[in-house]
Every structure is written in structure tokens, then in C-alpha cells.
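The chains referred to below are lettered A, B, ... by the order of the sequence lines, with proteins before strands, and numbering in each begins at 1.
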Amino acid sequence: MITRDRTAGASRREFLKMVGGGLLVVLVTRDAFAAPALGLTEGRRPDNQQLPEAVSAWLHIDEHGAVTVFTGKVEFGQGIRTSLAQEVAEELRVPMSSVSLVMGDTMLTPFDMGTFGSRSTPQMGTQLRRVAATARERLVALAADHWHTDASSLTTAGGRVTDPHRRRSIGYGELTAGRTITENVRDDVALTPAAQWTVAGTSTPRVGAHDLVTGRHQYTSDMRVPDMRYAKVLRPPSIGATLASLDAGAAESMPDVVVTHDGDFVAVTAPSAPAAAKALGALRATWTPAPGAPPSSRDIYDYLRHTPAAAASGGGREGGPSEPFVRGDVAAALAAAPHRLTHTYTVAYIAHVPLEPRAALAQYTSDAGGDRITVWTGTQRPFAVRDQVAEAVGMPNDRVRVIVPDTGSGYGGKHTGEAAVEAARLAKQTRRPVKVVWTREEEFRWAYFRPAGVIDVDAGVGADGIISAWTFDNYNSGPAAIRPPYPIANQRVTFHPSDSPLRQGSYRALAATANHFARESHVSELAHMVDIDPVAFRLKNLDDPRLRDVVQKAADRFGWPGTNHGSGRGVGIACGFEKGGYVATCAEVSVDKGSGDVRIVRAVTAFDCGAIVNPNGLRNQIAGALVQGVGGALFEAIEFDHAVVRNAHLAAYRVPRFSDVPAIDVVLVDRRDQPSMGAGEVPIMALAPAVAAAIFDATEMRVRALPMAPDGLKVAAAAGSR
Amino acid sequence: MRIEIQVNGHRHTVDVDPSQTLLEVLRDELGLTGTKYGCGEGRCGACTVLMGSHAVASCTIPAQSAVGAPITTIEGLEHDGHLHPVQDAFIAEEAFQCAYCTSGMIMASVALLRATPEPTADDIARALETNVCRCGTYPRIVAAVRRAAASVSGDQRP
Ligand code: FES
Ligand code: FES
């Protein structure tokens, strides 16, 4: 039974009214509506490991045979509008062109926790296949009834049920015309094995590509409605500052300008963008800085190590303050190990820099039934943002509708609804549609960052070349992929949440990047210490066959180790496992001995995420993750002091550009015998440690800090060896 | 201040504020939202349009200095219902993910191909260096530009 509660999306009854007749197949997993609404408090992250496995999806076939899938997932460039449609087309035996997806609309789609954690493919994809397979079985049953024949003698293809013996066929739409049929997904519905896929598993072109290359697609920031107001929000001069005084007289006297002042929230709305900018500039405000002396980007690592998160704020973090994972007797094993190595690794705060900054358009309407707010915004968590908006404007959440147009990327950076809340508050106050588009500078200053972190690793290797002891202490980065894929007999692995001076949150692959950087860098150093080739050392120490396989495949394709070593050229490898994906990356770098400039010349990544749904889309995701990884590996870092971000511009915050991109070679391992897993995140993990190892091979210099070469290598090396 | 600008072959008279950029006028006054805002400082290329045959960052150009120079935006590339070869090539190579950078990338590529009909991969990287694709589709964009170059014979080139 679907009820209106903290999490519900559209109800089944309302929904049927909306779509009219036809066949509706509904999937609601049991705990979907018991899912707790996740808090979005400052400095917290949704916990990727402990989300309920709740997935809901609806599928409707109208009397013309048009198939519409309703899912709370959203399209941010990862291509799921296409790949999910492929899975439906496959199971339903209809052409791609008859499938369309309604995504991320809290009124039309069932509740969804959000689009993150590489869950769309393994969970939503699998469930949609079950939904579509159920629909197909029901259609076959309807045809059998219609013809008074045995269902097992019927086949389906091209959106029709066919009776091959009697040479007759009927379209799906005709079967459902004039009726309203509702069906629940059966647990035992048979799915088409991946080995037999003909639509799924192929490089189907991206849905909507034409609109993307012609500029027709409307991102949130492109939307306009009649009588729309442009809004600007007054920002404090430093993080945590509070408003001491405000003189809004000059702005208020401007024609058609409305100034909103509610606590520390101050904003202007005006009929045009320049008028809004002028009004904002005319506000006179004074601010009181937050008390205390906040750390800067120069002393952040000491600070994180020595400033544990207050218990109260720790609970909502990714994984929460974790009990150490302990196996064997690590102290004794470390003491006994003939080879032992201890180092500290650091990673900086970095920004997502989604090319489309946060944006929202909010529309307020009022009728006999009461008032409503509709907000268009690019968020990865439409239902959470709906609740956030409802709370901010003091309306029940069934009066708030959030719609997510396909968005200009997120990478984990758009879990929250800042612009949506701002626009909604202003729309409610002014009773007009209000658009808020953040500037790039606002995006840098007031969004959240990938956490900075400090990681201590202490490890021992036996005379046999097997890692025998391992301690790993991560301060603040997070617990994702914190445990080694190596079956080390004695280990203690601990995540220590810290009190972050900057607002932090999810980022593509979460802490898996930081944890792999530390772990795999350390493993490469161990290999060097015991004088074993780093590929051989990994194969010797790994037991997971799929991980061993990607290591071997990456090394083979790369031509490991090759001949480019020393004198400014070098190679490195790293590997890892997370969220069902296995990755290994070999990198080759060249280092300019004069300037210290590091160039990643070549990167080969082997990736296994089970049965591949769309190979071309997957290659695009993997290459994209590697390119994004280049920035975090070599030069991206947020600089801050006195509670102010100092490089809040693209001119000062360097992101990867054409000239930074290595030659990328991707080896896809298509495991049709394994479930399909997500791929947007995991391929980013192994690049940085592979590059670190390659830099050592080229220069004999160990760099243990991300980014490794923000101003060329020497500066970074000095910092890393401290 | 009233100015007349020529965009995609049409003349428009618009009332602009001296502070307004060409990007703002295109998007907010003319509704040509295919041209995107990404940074406002000439560092991302999302706002790239053609001024004459040169690619410019429209966020750095005051609207009034566009007077007298024909402007082409992404909306002006199609001819008789046919996509420009660069647009076709971007689809063929699937040279996008979120596609927020795509308009700017395509406009910069069109300008490059007009000046350098057969660019090398290095030419492409150099010409597009101020265009950011945060999704990291750079290798596909290079492939798309080369595909477009190969698909267009000299005299047909627009
Ligand atoms: S918006 Fe013009 S270059 Fe970024
Ligand atoms: S495709 Fe997303 S920024 Fe280029």
C-alpha cells in the first residue's frame, strides 16, 4: 500500500488517473517506503554502505504501445536515460524508439534515494528488467486469452505478441486498449540472460543526442517562464560569518526590486539579471566573522589529525565513526616482519566544478486546494531536496514538487538543494517565478568539497614477499574502499572522522580515491623495498581472480614494463575493487627535469563491472573518470585561510584541459556471467597511485600528497616528504 | 542603451545595460540559451560563439561591442534542417556526457576548421585549450573534430 509519507512519490491511484488506461506495472520493494529520510546537515554525507536496498519503478504501456518508464533516477551525463531504456527495450522486446523515461520528478516518479554510489545500473537497471519482463509476461497472457490459445506457444518481438502457428500477431497497445490493468512485479519473473541480449549490451546511441548538439536541450539554468524574476543572494565575506547589519534602502528604491531579509538570508529579486546584480551591489551589510582561528590549507593535515569530529556530527557521516576492522595480531606481525615501511599520505580538498553551476527555477501557485511550489533544479537527490524545500518554506512536502531536467553534471557534488531552497523561499515571498543561478565563484565558495584527509600506513612484508601486516588510519577522507583487497593475515584498518573546517560531501568514488592512493602507493613502495616487480608483487599478493585478471590485462595491453624508465620517463601500476567494479590502471609519465612539470603520457585501464549494458557509454565513463582523476592527482586543490577560499575562480583553480589528457586505452572485460554493476566512479581510483609510482620510476622521488605536482614536482615533493 | 546586433542572420534591436555581456544578451534577451555560462571569466569556453569567423568567449564581450559584427551561436549552425558537419561528428563520436560544454566546443571547432581545414590532434588541443569539458570527453572531441574535417570537402565547407 502506498501512502503519503516522508518518502513517497506519486501514489498509484493518482498516477493511474494521470496516465489513463493501458497496462501499468509497478515495482515497490518492501523497504522502499520505510527508508529513513536522510539528513542533509552541513558536513554530512549520505552513507553509501548502509542505504536500504529500496528501488521503485513503474512502467506504463499506452494504447499505442508507447512505453513510459518512471524512475526517480536522474541523468547527469552518465547516460542512464539510454542504458536503462536499453534494458527495458530488451526485456519487453520493443524498439528503443518506443521507450521513454520520466526521470527525477517527485510528482510523477516513485520515491528514489538518489542517483549516486553507482547504483543505477545494478539496482535500478536490474529492477527495470524485472518490471519489463513482468509486463511482457502479462501481455503474452492477455494475447493468449484473446486468442484462446496456450501462452507458451506465443512469442514476442518488435512490440507485438505473435502466434507463429496461426500466423497472427497483435500489438501491445491493442492488447491494453480501453482497459486499465495494474500488475505487480513477481519475484520469480524470468530475465533474459545477458548472453542473449541484443539491445542491452550494445553501443546504442545516446537518447536525445540531437538536442544536445543543437543547444535545444533546456538545462535548469536555461529555463524561462513568463514574469520570471532573477534573484541574487547576498553571501558572507567568510565561512560561518553572521549578518550584523543590513542597509537595503538603496536596493529597495530600485524599480521592481524586492529585497528579502530573513535572518542571515538576504536576497534580491528583479525583472532582469543586470537589475538583480545592481540591487545586490547596492546592499550595505556588515558581518561578524565566526569565532576562533580556523585552519588554513597549509596546516589542515595537522588539524584534521588532531581534531576528531564531535560525536554529535559524526553519526551522519559516510559510514560514521568506525570501529577499527581488526584481523589477526597486527602488532606482533609488524614486529616480526623482516621488511617494514611506514608513511603518511595526504589528500587536499577539491571541488567538483560541475560545468553547469547550481541553478533552480521555482514557481509558486495558489488555488482552492492551497498553495504549491514547483522547483526545477539539477540535483542528484530530488526527493531529499523536495523535503529540504518543504521544510524551508514551511509547507507539507506533498505541496512541493521537484523536477530534475537532465543536468550539466554533478560527480557527487549536487546531492543538496541550495539553489532550490533559495529560489523557493523567494518565489513564496514574491509570489512570482524566481530563478537562481549560482556564479562559478559561488559554486567554489558555497558548495561542498571532496574531503581532505591524512592517511597513515604501516606495513610489513615477509621474506616470501607476502604482505603480512597492515595498519591503515584514515583521518577524515572517509571509509569507502578502506579495507585492502589483499588478504593480509594481520590488519587493523580505522577511519577517524574529523571536524572539517570546510563544508564537505560526496565526490565521485568518495574516499575510495584517497584510500587507493595511500594503499596502492604503499604497495608499490613495498614491492620496491623487497625488489619485486610491482605487477608481479600484486599478483603474488592478490587472491581475487577478477582483480588479478584486470591487473594482468592492463599490464599486457600496456606492454608492462616497457623500456621508458628513469631520466624523466617512468611507469606505474595500481589496482582496486569497489562497488562491484574491478580496476587496474597502468600509467606512463614524463617529468621535465627543469620545470618539474609532470605529464601523464599514457594511461591503460582494464575494467570489469560484470555484464556490460552499453560498451560505448561505458568507455566514455571510464575515460571521463580518468581525465577527472588527472586533476585530483596532479594539480587540483582548494586553497583557503581565515575561512575564505582563496582560489574560487577557474583562473586560479586548475582543471584538466585538452593538453593535460594522456593517450587513454580502455580494456573492457565483459563478464556476461556476472551481474551488471555501475561504472561512473570506480575507474577514477587507480590513476593517482599509478601516476605516483610512475613519477618515482622516472625521478626516484616519492610523492605522497595529492595533488602531486600543483606547481611542478619539486614543490610538491618537498611537501610530501615532510 | 539601445543597440542593434546581428545574430544568426537576424537583426535584433535590444535595450542593454552597459554592464551586460554578449552572453547575457543572447541568453536573457534573445532567449538563445544554447550558449552556456560556465565561469564568466573567459576560462571555460561554454559561452563560445562566432564573431565574424572567430571564436570568442561571449561572457567577456560587452554587448555593445558586438554591434556591427555578425554573431553566430549554436542555434545558427543548422542549414535547411541539416546539422552542421561538426554537430553530426559530435553525435557520431558521442563526444559528450552531460553536454553542457558541447555548444562551446562545437562553436570553437567550427572556427578552427574554417581557419585550419585539416587540423592535427595538436592543432585541435591548442585551439580548444580554453574550452573545459569537466566530464573529460576530450579524446572524443578531438576525434569528432577530425571526423568533421574528413567529412567536409573544401568547397562544401560552410
Ligand atoms: S562562461 Fe565564458 S568562458 Fe566560461
Ligand atoms: S560533457 Fe559534461 S562538461 Fe563536457
Side-chain angles (χ1 to χ4, degrees), chain A residues 75-79 203 205-206 209-219 221-224 230 272-275 277-278 352-357 406-411 437 439-441 616-617 620-621 623-630 649-651 655-661 663-664, chain B residues 16-20 24 27-29 31-44 46 73-75 77-78 83-84 86-92 94-103 106 121-122 124-142:
Chain A
E75 173 65 66
F76 269 58
Q78 74 281 43
S203 293
R206 273 281 293 275
H210 187 274
D211 283 1
L212 298 178
V213 302
T214 54
R216 274 198 198 109
H217 171 65
Q218 295 260 296
Y219 298 86
S221 45
D222 299 329
M223 296 183 65
R224 302 199 304 173
Y230 294 78
S272 73
K278 278 225 170 66
H352 306 77
V353 199
L355 206 57
E356 182 190 21
D406 291 5
T407 296
S409 78
Y411 323 112
V437 180
T439 62
R440 176 58 55 201
E441 184 180 345
N616 192 33
N620 204 346
Q621 282 298 308
L626 291 170
V627 170
Q628 192 153 49
V630 167
H649 300 273
L650 274 186
V655 296
R657 292 173 184 272
F658 276 93
S659 58
D660 297 309
V661 175
I664 292 172
Chain B
V16 301
D17 187 282
S19 70
Q20 254 175 314
E24 289 168 329
R27 288 177 56 84
D28 297 338
E29 309 297 331
L32 295 171
T33 53
T35 307
K36 306 300 182 198
Y37 165 87
C39 70
E41 49 169 327
R43 303 288 300 195
C44 80
T73 70
I74 188 81
E75 290 90 350
L77 280 190
E78 281 166 275
L83 294 183
H84 186 282
V86 174
Q87 291 173 306
D88 276 327
F90 269 66
I91 292 181
E94 213 154 277
F96 44 79
Q97 286 179 21
C98 77
Y100 194 79
C101 68
T102 304
S103 299
I106 289 175
D122 277 351
I124 297 167
R126 222 171 302 124
L128 301 185
E129 186 69 1
T130 50
N131 286 68
V132 168
C133 175
R134 188 56 168 162
C135 297
T137 66
Y138 297 116
R140 286 167 180 251
I141 293 169
V142 172

When rounded to the nearest 0.5 angstrom, what is the spacing between OG1 in A:T214 and CD1 in B:I91? 8.0 Å

Can you find a heavy atom in the side chain of B:Y100 that is under 4.5 Å from one in the side chain of A:P357? yes

Contact between A:S221 and B:R27 at the side-chain level, heavy atoms closer than 4.5 Å - yes or no? yes

Counting only non-hydrogen atoms closer than 4.5 Å, does A:T407 touch chain B with its backbone (N, CA, C, O), its side chain (CB onward), both, or neither? backbone

Looking only at A:H217, A:M223, A:H352, most heavy-atom pairs under 4.5 Å shared with chain B are made by A:H352

Give the member of B:E24, B:R126, B:E29, B:K36 that has the highest number of heavy-atom pairs under 4.5 Å with chain A. B:K36

So which part of A:V661 gets closer than 4.5 Å to some heavy atom of chain B, the side chain, the backbone, both or neither? side chain

Heavy-atom proximity to chain B below 4.5 Å, by part of A:Q628: side chain

Go through A:H210, A:E441, A:E75 and name the one with the most non-hydrogen pairs under 4.5 angstrom from chain B. A:H210

Pairwise side-chain contact, B:Y37 with A:R440, heavy-atom cut-off 4.5 Å (strictly under): yes

Let me confirm one number: the CD-OG1 distance from A:Q218 to B:T33, rounded to the nearest 0.5 Å. 4.5 Å

I'd like to know if the side chain of B:Y138 reaches the main chain of A:G624, judged simply by a donor and an acceptor atom lying under 3.5 Å from each other, with no hydrogens or angles considered. no

Relative to chain A, which segment of B:L83 carries a heavy atom at a distance below 4.5 Å: side chain, backbone, both, or neither? side chain

Chain A: which of B:C133, B:A99, B:A46, B:C44 shares the most heavy-atom pairs with it under 4.5 Å? B:A99

Out of A:V630, A:L626, A:V655, A:I664, return the one with the most heavy atom pairs under 4.5 angstrom to chain B. A:V655

For the candidates A:D660, A:N616, A:V437, which exhibits the highest count of non-hydrogen atom pairs separated by less than 4.5 Å from chain B? A:N616

Just give me the residue among A:G79, A:A663, A:P656 that pairs up with chain B most often, heavy atom to heavy atom, under 4.5 Å. A:P656

What residue in B:V142, B:T102, B:V132, B:L77 has the most heavy-atom pairs under 4.5 Å with chain A? B:V132

Start with the C-alpha gap between B:H84 and A:V213, add the side-chain angles, then the distance that decides, and say whether side-chain contact (heavy atoms from CB on, under 4.5 Å) holds. CA-CA 10 Å; B:H84 186 282; A:V213 302; over 6 Å; no

About how many Å separate CG of B:D122 and OG of A:S659, when rounded to the nearest 0.5 Å? 10.0 Å

Examine whether an atom of A:R224 lies under 4.5 Å from a heavy atom of chain B, and if so say whether it belongs to the side chain, the backbone or both; otherwise answer neither. side chain

Those residues that, when tested against A:Y230, pass ring pair (Phe, Tyr, Trp, His ring centres under 6.0 Å) (two or more places apart): none

Passes side-chain contact (heavy atoms from CB on, under 4.5 Å), B:R43 versus A:R657? Steps please. CA-CA 11 Å; B:R43 303 288 300 195; A:R657 292 173 184 272; 4.0 Å; yes

Would you confirm whether A:N620, through its side chain, and B:F96, through its main-chain N or O, come within 3.5 Å as a donor-acceptor pair? yes

Spacing of B:C98 atom SG and A:Y219 atom OH [to the nearest 0.5 Å]: 5.5 Å

Run the numbers on B:I141 and A:F658 for side-chain contact (heavy atoms from CB on, under 4.5 Å), then give the verdict. CA-CA 9 Å; B:I141 293 169; A:F658 276 93; 3.7 Å; yes

Just do the side-chain hydrogen bond (donor to acceptor under 3.5 Å, both in side chains) check on A:S409 and B:Q97 with the steps written out, would you? CA-CA 8 Å; A:S409 78; B:Q97 286 179 21; over 6 Å; no

Most heavy-atom pairs under 4.5 angstrom with chain A, which of B:Q20, B:R134, B:E94? B:R134

The criterion is salt bridge (charged side-chain N to carboxylate O under 4.0 Å, His left out); which residues satisfy it with A:R216, sequence neighbours excluded? B:E78

Option that, when pairs with chain A are counted at under 4.5 Å, heavy atom only, ranks first among B:E75, B:E41, B:Q87: B:E41

Part of B:D28 lying under 4.5 Å from any heavy atom of chain A: both

